[in-house]
Number of protein chains: 2
Amino acid sequence: MSFRLDDRKKKILKAIIRTYMETGEPVGSRTISKYADLNVSSATIRNEMSDLTEMGYIIQPHTSAGRIPSDKGYRLYVDELMKEKEDEIAELRSLMIEQTDKVDKVLKKVAKVLASNTNYAAMVSVPQYRGSRIKFIQLSRVNTRQLVAVVVNDNNLIRNQIIELVDDMDDETILKLNLLLNTNLNGVPVQDINLGMIARLKEQAGMHSSVVATVLDAVAATIQVDQEDVEIYTSGATNIFRYPELADKEKASELISTFEEKQQLADLVKDRMSDEDNTGLSVYIGEELPIRTMKDCSVVTATYELGEGLRGTIGIIGPKRMDYESVVESLKELKSQLDGLLTNKT
Amino acid sequence: MSFRLDDRKKKILKAIIRTYMETGEPVGSRTISKYADLNVSSATIRNEMSDLTEMGYIIQPHTSAGRIPSDKGYRLYVDELMKEKEDEIAELRSLMIEQTDKVDKVLKKVAKVLASNTNYAAMVSVPQYRGSRIKFIQLSRVNTRQLVAVVVNDNNLIRNQIIELVDDMDDETILKLNLLLNTNLNGVPVQDINLGMIARLKEQAGMHSSVVATVLDAVAATIQVDQEDVEIYTSGATNIFRYPELADKEKASELISTFEEKQQLADLVKDRMSDEDNTGLSVYIGEELPIRTMKDCSVVTATYELGEGLRGTIGIIGPKRMDYESVVESLKELKSQLDGLLTNKT
DNA sequence: GTTAGCACTCTTTTAAATTGAGTGCTAACA
DNA sequence: TGTTAGCACTCAATTTAAAAGAGTGCTAAC
């Protein structure tokens, strides 16, 4: 009782998915039979649809309604049936990135443009520093009891912190510490800096004063990236109201909460980040997503690389019947704009 | 044909508002007649309600339904009828602020706690630097073609920027510039630094090299606050789904968009900021709000002051029938926790 | 001034009837 | 053997009608 997915079946499945994308309503045999390059009657379509249902590519919401694509159906569509679609993307190309903005402004704008361009919800993760190296460290005196520590990494990202002193510290010591920090940490990858290393530095500092220890700890804290919290910008959350299948109170509320919290999105992105494949694009459909509230959604993500090792993710969240082609194209376009953007800026 | 708002009328209005807050349904004369300390029949209440309607404190959504409070009614309630309510707030008191966190983390948390505590949407604006003074400026060399500028103000807030040089700059010049900047700008209020001042500095720098000019411009840009964009954290946007009168697709979508965009909230906050009254608390009801999408909401805001001149706003957005008493109490509590929080931290 | 009573209004709820899209099956056809 | 017309059947969605319920305004009596 197993069927072959022949050419006609594929064509019909594709027609079903395409139609469903537009309307959001279950699609019936009659509708498909009118579909251009497929000159068969609705009865024939019905037979084929019956087969496709049994094969699990489409689903009948109730006895007497049309069919809608299953996750498996969408998956086949994304993997095989989808043809690239080159139009409308030009808009993005012109609309975008002014070199003068700061990185976070650019990323916020990317989220916004992406959302308004696709009519889905968009997210952009701020690149993690992981893999970047320390380029410059400086301790400066603000006043007798305050220092400021500034750390610049090789992507020109700056972190800093005020250090409150409990005891005085003379200028010479500060100079010495600066030298120590720079000779020992310059060029060291951020993630290699750990407690052991700091302990060794404290020893080398020679002086066992607790003030020095405090300062070194503070510097370490400045450098250390909060590995946990990836920052995420979102935009267009309310676009989900455009799609009735996501727009009832229950679902909409849960989904928008997920966007608002961002933590789960961050987890999703982090997951994705560790992977390493050629295109940098991935598609999650429905239950494939690790986030329960999103089981009626699809998510398409792309990783971009601002500079050496500075890697972030852009993504689109929409209904399962999202227009995968244009989403993929939009993401590709933005990815290529972001890749290498940072070459000469903050 | 004008009535006096006597004691009984006030009592009845208060009862109507209280009841409506709970149920969200128009409330009828019968319901009120059962209300404890008011031993009159529903017919009497009806007469009084008729008066109150004519006076504009309550509204009849349609001929044969109960009454709901009008904006004017709520206003009276807030201004006169509301009695302070001291319970449940203790929770906030314990729940809150760990001194160790950074300011932005604290503020995000405040928004979250406020939202989950009240079941309304919450917003927190990040304090503007306006009024703060410059405490410390330092230019440091990162490498031959890059400097980093660090500016610390008297609230210990740090801003910084990488400066790309087009021409080399020797160490002596950097030292000279540092001296120049610190002697001239130290203690100067941030908002007093303008183009004229920078021009004068350039002159004083003596050297007419364009490199120096570039550096000074960059430093100015670092100091300059983006006056336009107040940053705002929001939380609990989806709480609006708890209130049917706000939860239909149309309104919910618009409201959530407003939260997401934040620009309009920022404008609201900025407006508020210029005011100067004793308590720092204000209540906007319905049409009193300058934001069209919020005409069915009420907003309560409180300004807090982290340190000298570092002033921000916390606010609650909810349905007009929000529980003004506990909202006001919650805000007061958080305000008092935030006030003066910054005394010794970043 | 207060209240019981009642007719009237209008929304909400409930139930029933109708419509309509779509299926599955059968029998006929090429 | 694959395709198709035809038809009975199913089930959600829509329409329609009826009933219920909540609340008011007014009147007349206390």
Side-chain angles (χ1 to χ4, degrees), chain A residues 1 3-13 15-17 19-20 22-35 37-70 73 244-245 247-248, chain B residues 1 3-13 15-17 19-20 22-35 37-70 73 244-245 247-248:
Chain A
M1 192 53 96
F3 305 92
R4 230 188 65 71
L5 190 66
D6 58 28
D7 238 38
R8 192 169 70 182
K9 283 200 175 57
K10 280 187 188 171
K11 239 179 195 160
I12 290 173
L13 178 58
I16 292 172
I17 294 181
T19 314
Y20 184 65
E22 272 176 38
T23 64
E25 304 279 293
V27 357
S29 53
R30 191 104 196 301
T31 315
I32 300 302
S33 78
K34 286 182 206 137
Y35 204 85
D37 47 336
L38 199 49
N39 279 319
V40 287
S41 78
S42 63
T44 311
I45 304 283
R46 275 204 288 286
N47 292 333
E48 296 286 45
M49 281 168 89
S50 179
D51 296 353
L52 283 169
T53 305
E54 206 158 332
M55 292 159 87
Y57 290 110
I58 52 182
I59 285 170
Q60 208 168 6
H62 56 83
T63 328
S64 142
R67 311 297 219 281
I68 62 175
S70 69
E245 68 268 41
D248 67 290
Chain B
M1 191 54 97
F3 304 92
R4 231 189 63 73
L5 191 64
D6 58 27
D7 238 39
R8 192 169 71 182
K9 283 201 176 56
K10 280 189 187 169
K11 238 178 197 163
I12 290 173
L13 178 56
I16 291 172
I17 295 181
T19 313
Y20 183 65
E22 271 175 38
T23 63
E25 304 279 292
V27 357
S29 53
R30 191 105 196 302
T31 315
I32 300 300
S33 78
K34 286 184 206 135
Y35 203 83
D37 46 336
L38 202 47
N39 280 319
V40 287
S41 78
S42 63
T44 312
I45 304 284
R46 275 203 290 285
N47 292 333
E48 296 286 47
M49 281 168 87
S50 181
D51 295 354
L52 284 170
T53 306
E54 207 158 330
M55 293 160 88
Y57 291 111
I58 52 181
I59 286 170
Q60 208 169 6
H62 56 83
T63 328
S64 142
R67 311 296 218 281
I68 62 175
S70 69
E245 69 268 41
D248 68 288

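Quick note: numbers below take in every heavy atom, side chains included, and nothing from hydrogens, waters or symmetry partners. Letters go in sequence order (proteins before strands), and every chain restarts at 1.
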K.L.:
side-chain contact (heavy atoms from CB on, under 4.5 Å) with B:R30: which residues, sequence neighbours excluded?
P.N.:
B:K34
K.L.:
Please walk me through it: do A:V40 and A:R8 pass side chain to side chain contact (heavy atoms under 4.5 Å, CB included)?
P.N.:
CA-CA 10 Å; A:V40 287; A:R8 192 169 70 182; 3.8 Å; yes
K.L.:
Would you mind reading off the distance between A:D51 atom CG and D:dG2 atom C1', rounded to a whole angstrom?
P.N.:
12 Å
K.L.:
In Å, rounded to the nearest 0.5 Å, how long is the span from CG of B:N47 to CG of B:L52?
P.N.:
11.0 Å
K.L.:
Within the pair B:S29 and D:dT24, is there a side-chain N or O less than 4.0 Å away from OP1 or OP2?
P.N.:
yes
K.L.:
Quick one: B:L52 CG to D:dT24 P, roughly how many Å, whole number?
P.N.:
12 Å
K.L.:
Quick check for you: to the nearest 0.5 Å, what is the distance between A:R67 atom CZ and A:I59 atom CD1?
P.N.:
11.0 Å
K.L.:
What is the distance, to the nearest angstrom, from the CE atom on B:M49 to the P atom on D:dG25?
P.N.:
9 Å
K.L.:
Can you pull every protein N or O that's under 3.5 Å from an N or O on nucleotides 10-15 of chain D?
P.N.:
unit_1, atom_1, unit_2, atom_2, d
D:dT10, O2, A:S64, OG, 2.6
D:dC11, OP1, A:T63, OG1, 3.3

K.L.:
Do A:M55 and A:K9 come within less than 4.5 Å of each other through their side chains, counting heavy atoms only?
P.N.:
yes
K.L.:
Please, what dot-bracket string fits DNA chain D when only Watson-Crick and G-U pairs with both distances under 3.5 Å count, crossing ones use [ ] and pairs to another strand use |?
P.N.:
||||||||||||||||||||||||||||||
K.L.:
Compare the minimum distances between each of C:dG22, D:dT4, C:dT3 and the side chain of A:T31, then state the nucleotide with the smallest one.
P.N.:
C:dG22
K.L.:
In whole Å, what is the span from the CD1 atom of B:I68 to the P atom of D:dG23?
P.N.:
14 Å
K.L.:
Rounding to an integer number of Å, can you tell me how far B:R8 CZ sits from C:dT3 P?
P.N.:
8 Å
K.L.:
To the nearest angstrom, how far is A:E48 atom CD from D:dT4 atom P?
P.N.:
11 Å
K.L.:
Could you tell me the separation between the CG atom of A:L5 and the CG atom of A:D51, rounded to the nearest 0.5 Å?
P.N.:
10.0 Å
K.L.:
Between D:dA5 and A:R30, is there an OP1 or OP2 to side-chain N/O distance shorter than 4.0 Å?
P.N.:
no
K.L.:
How long is the line joining OH of A:Y20 and P of C:dG22, in whole Å?
P.N.:
14 Å
K.L.:
Measuring from B:R46:CZ to B:S42:OG, what's the distance to the nearest 0.5 Å?
P.N.:
4.0 Å
K.L.:
At what distance, to the nearest 0.5 angstrom, does NZ of A:K11 lie from CD of A:E48?
P.N.:
12.0 Å
K.L.:
From C:dG24, D:dT4, C:dT3, pick the nucleotide closest to the side chain of A:S50?
P.N.:
C:dG24
K.L.:
Once you round it to whole Å, what is the distance between P of C:dT9 and CD of B:Q60?
P.N.:
14 Å
K.L.:
Can you see if the side chain of B:R67 gets near the phosphate of D:dG25 - specifically, an N or O under 4.0 Å from OP1 or OP2?
P.N.:
yes
K.L.:
Please round to the nearest 0.5 Å and tell me the distance separating atom CD1 of B:I32 and atom CD1 of B:I12.
P.N.:
8.0 Å
K.L.:
Can you name the side-chain contact (heavy atoms from CB on, under 4.5 Å) partners of A:T63, sequence neighbours left out?
P.N.:
none
K.L.:
Can you sort out the partners of B:D248 under side-chain contact (heavy atoms from CB on, under 4.5 Å), two or more places apart, ordered by chain and number?
P.N.:
B:E250, B:K251
K.L.:
Each nucleotide N or O in nucleotides 25-30 of chain C that has a protein N or O under 3.5 Å away: list the pair and distance.
P.N.:
none

K.L.:
State, yes or no, whether a side-chain contact exists between B:P26 and B:P61 at a heavy-atom distance under 4.5 Å.
P.N.:
yes
